[in-house]
Amino acid sequence: MSKTIQSIRGMHDLLPDDSYRWQYFEAKVAALMQRYGYSEIRMPLVESTDLFCRSIGEVTDIVEKEMYTFEDRNGDRLTLRPEGTASCVRAGIQHGILHNQIQRLWYTGPMFRHERPQKGRYRQFHQLGVEAFGIADADIDAELILMTARLWRELGLSDIELQLNTLGSNESRNAYRTILVEYLERYRDQLDEDSLRRLETNPLRVLDSKNPALKSIIEQAPSLLDHLDDESREHFDKLKSILDAAGISYTINPMLVRGLDYYCKTVFEWVTTSLGAQGTVCAGGRYDGLVKQLGGRETPAAGFAMGIERLIALMQEQDCAFAQSRPHAYMILQGEQAAKQGMVLSEKIRDELPAFRLQTNCGGGSFKSQMKKADKSAADYALIIGSDEAEAGTVGIKNLREQAEQLTLPQSDLFDYLSNTIIR
Ligand code: ATP
Ligand code: MG
């Protein structure tokens with residue numbers, strides 16, 4: 001026998017035993033977005049490679065070593081999107097929906113990064129992204145954070161800490177860069193290969209290093225917070241004052257620089273200790289320069305992205321409830337006449353009672369095997385039509401989960417019975 005084909009390493013199927021959790025999460029998110037006045041946008045999974053090089057930055061983990069890039073049949077260089085912000089900005093500029101207006105947008109979907117697969121880190125993973133364009137004020141930064149905090153509450157999540165930092169304006173960052181380089185030069189012999197390279201190309205990125213050997217050097221580095229310009233400081237103060245007033249607690253983490261180049265001013269991450277090393281479940285910030293950098297007009301913007309795999313793992317870890325919708329009933333059909341009658345009756349039930357979840361037996365089978373299927377479907381009731389019931393125009397109703405006499409009703413009385421007794 002030939003070897004069966006397997007899914008690609010780090011890319012996973014979502015099976016029925018898990019998909020209901022994702023549906024629950026997605027329904028919560030869609031409702032939340034509506035409540036805050038955000039609209040969904042859907043972008044292609046594939047974009048020009050250039051888009052990500054120009055936005056995320058050449059000297060970042062993503063662009064340097066994580067992108068799935070290939071040439072298509074025309075020789076065009078394409079990339080499976082590693083994140084959504086760049087595509088969202090590209091779409092916004094292309095369709096002229098960013099200039100001189102406010103857009104509050106969200107999207108979900110798969111992202112692709114060639115990383116070493118491990119718990120909480122996959123090669124195809126899913127993000128919820130939220131982006132707000134056209135608002136320079138810190139109040140929108142606060143709204144984005146309040147929205148995430150509300151989502152944690154609605155999902156029943158706890159133990160997620162908000163870490164906050166500001167990167168300042170480009171000017172203040174450039175001034176700080178010189179000071180940081182001077183400091184890091186002193187430890188040149190202790191830096192790893194990545195950090196040495198970044199010291200030349202993008203020294204702030206050194207602060208983002210995950211190498212434990214560099215931890216103390218990084219912790220003692222001069223802080224950008226001591227070199228902020230007035231406007232960035234006021235922006236940061238306003239954000240903090242709104243969060244304080246709304247009762248959202250946070251930790252200021254001066255080492256939080258985020259792995260993408262386009263951020264300025266506010267950056268934040270929501271981090272949990274319950275998931276091991278992959279503890280960041282949501283990350284975002286302000287990126288006022290990006291729209292212009294990608295060819296649009298100057299447009300202030302802020303947003304965040306959540307890792308859905310990590311959030312769902314956290315919900316399972318914390319025993320959060322996921323509503324799962326099982327069928328109310330499974331219809332068992334014995335004999336040819338019953339099979340036909342049952343299909344028609346099932347359709348009538350779906351016409352009359354749109355909230356009723358009904359699975360109808362297809363493919364025949366003995367009474368016993370159909371009862372087994374009914375049980376496996378997790379339905380509460382079996383609706384039974386055998387040849388006697390088909391002849392008499394009746395239907396049997398059997399409770400599959402509790403001891404009770406089987407009931408027989410005329411098929412015409414079934415709708416009332418189901419709506420009064422079963423859907424409540
Ligand atoms: P990390 O430091 O964990 O690599 P990142 O800074 O690269 O994260 P972002 O680009 O900010 O991540 O993406 C936002 C969120 O998406 C992350 O906080 C995380 O929850 C999730 N995420 C990122 N990469 C992966 C991945 N490979 N697998 C699963 N989730 C991921
Ligand atoms: Mg990463």
Side-chain angles (χ1 to χ4, degrees), residues 8-12 14 18 22 25 29 51-52 55-57 59-68 79-89 106-131 144-145 148 151-152 155 157 160-165 167 194 198 202 204-212 214-215 218 253 255-263 266-287 290 302-317:
I8 307 299
R9 189 163 121 85
M11 305 198 181
H12 299 287
L14 185 63
D18 288 315
W22 284 65
F25 176 83
V29 163
L51 173 65
F52 303 113
S55 56
I56 297 169
V59 196
T60 55
D61 277 352
I62 295 179
V63 173
E64 276 182 341
K65 47 193 181 195
E66 295 174 359
M67 294 206 302
Y68 279 90
T79 294
L80 296 182
R81 63 179 187 192
E83 57 108 44
T85 304
S87 308
C88 186
V89 170
W106 68 277
Y107 49 83
T108 58
M111 307 293 163
F112 303 86
R113 297 184 192 177
H114 196 274
E115 305 197 66
R116 191 171 67 79
Q118 53 196 292
K119 183 171 175 248
R121 197 174 286 289
Y122 310 101
R123 290 183 172 172
Q124 175 176 310
F125 64 100
H126 296 73
Q127 285 184 339
L128 160 68
V130 178
E131 321 284 356
L144 292 167
I145 290 173
T148 50
L151 184 62
W152 311 152
L155 296 174
L157 287 169
I160 314 182
E161 184 194 73
L162 175 61
Q163 299 198 354
L164 211 55
N165 191 22
L167 300 178
D194 266 353
R198 282 169 186 184
N202 193 343
L204 257 75
R205 249 327 60 76
V206 177
L207 301 178
D208 197 34
S209 168
K210 306 237 168 28
N211 183 350
L214 302 182
K215 198 161 179 256
I218 290 173
N253 175 1
M255 297 309 145
L256 187 68
V257 293
R258 306 284 304 108
L260 302 90
D261 265 1
Y262 49 61
Y263 287 105
T266 312
V267 287
F268 65 88
E269 288 192 358
W270 287 94
V271 185
T272 175
T273 51
S274 318
L275 287 178
Q278 267 49 258
T280 304
V281 290
C282 175
R286 179 162 282 279
Y287 51 93
L290 185 60
F304 63 76
M306 278 176 200
I308 302 182
E309 282 82 359
R310 292 185 194 177
L311 275 171
I312 289 181
L314 187 61
M315 288 176 71
Q316 289 183 263
E317 178 75 30

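Along the sequence shown, residues carry numbers from 1. Owing to the predicted nature of the structure, the values given are computational and were not obtained by experimental measurement. Whatever order the structure lists ligands and atoms in, that order sets their numbers, starting from 1.
Under the rule for a salt bridge (charged side-chain N to carboxylate O under 4.0 Å, His left out), the partners of Arg198 that lie at least two apart in sequence or sit in another chain are Asp61, Glu64.
Close N/O approach between Lys210 and ligand 1 is found [any backbone or side-chain N/O within under 3.5 Å]. For ligand 1, one of its N or O atoms has an N or O atom of Tyr122 under 3.5 Å away.
Within the 4.0 Å heavy-atom criterion, the part of Gln127 lying near ligand 1 is the side chain and not the backbone. Only the backbone of Val281 comes within 4.0 Å of ligand 1, counting heavy atoms alone; no side-chain atom from C-beta on gets that close.
Heavy-atom proximity to Arg113, at under 4.0 Å, picks out these atoms of ligand 1: 5 (P), 7 (O), 9 (P), 10 (O), 12 (O), 13 (O), 23 (C), 24 (N). Within ligand 1, counting atoms from 1 as listed, the ones closer than 4.0 Å to a heavy atom of Ala283 are 11 (O).
Panel note: side chain Gln118, backbone Arg116; a donor-acceptor pair is recorded below 3.5 Å. Not one N or O on the side chain of Arg310 forms a donor-acceptor pair closer than 3.5 Å with the backbone of Arg121.
In this comparison of Arg116, Arg121, Met111, the heavy atom closest to atom 3 (O) of ligand 1 sits on Arg121.
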#### Entry: Residues Leu275, Val281; criterion side chain to side chain contact (heavy atoms under 4.5 Å, CB included); working and verdict
CA-CA 9 Å; Leu275 287 178; Val281 290; 4.0 Å; yes

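Side-chain N/O atoms of Glu309 and His126 include a donor and acceptor closer than 3.5 Å.
In this structure, Ile312 CD1 and Phe25 CZ are separated by 6.0 Å, a value rounded to the nearest 0.5 Å.
Contact between Gln278 and ligand 1 is absent, with no heavy atom of the residue lying under 4.0 Å from the ligand.
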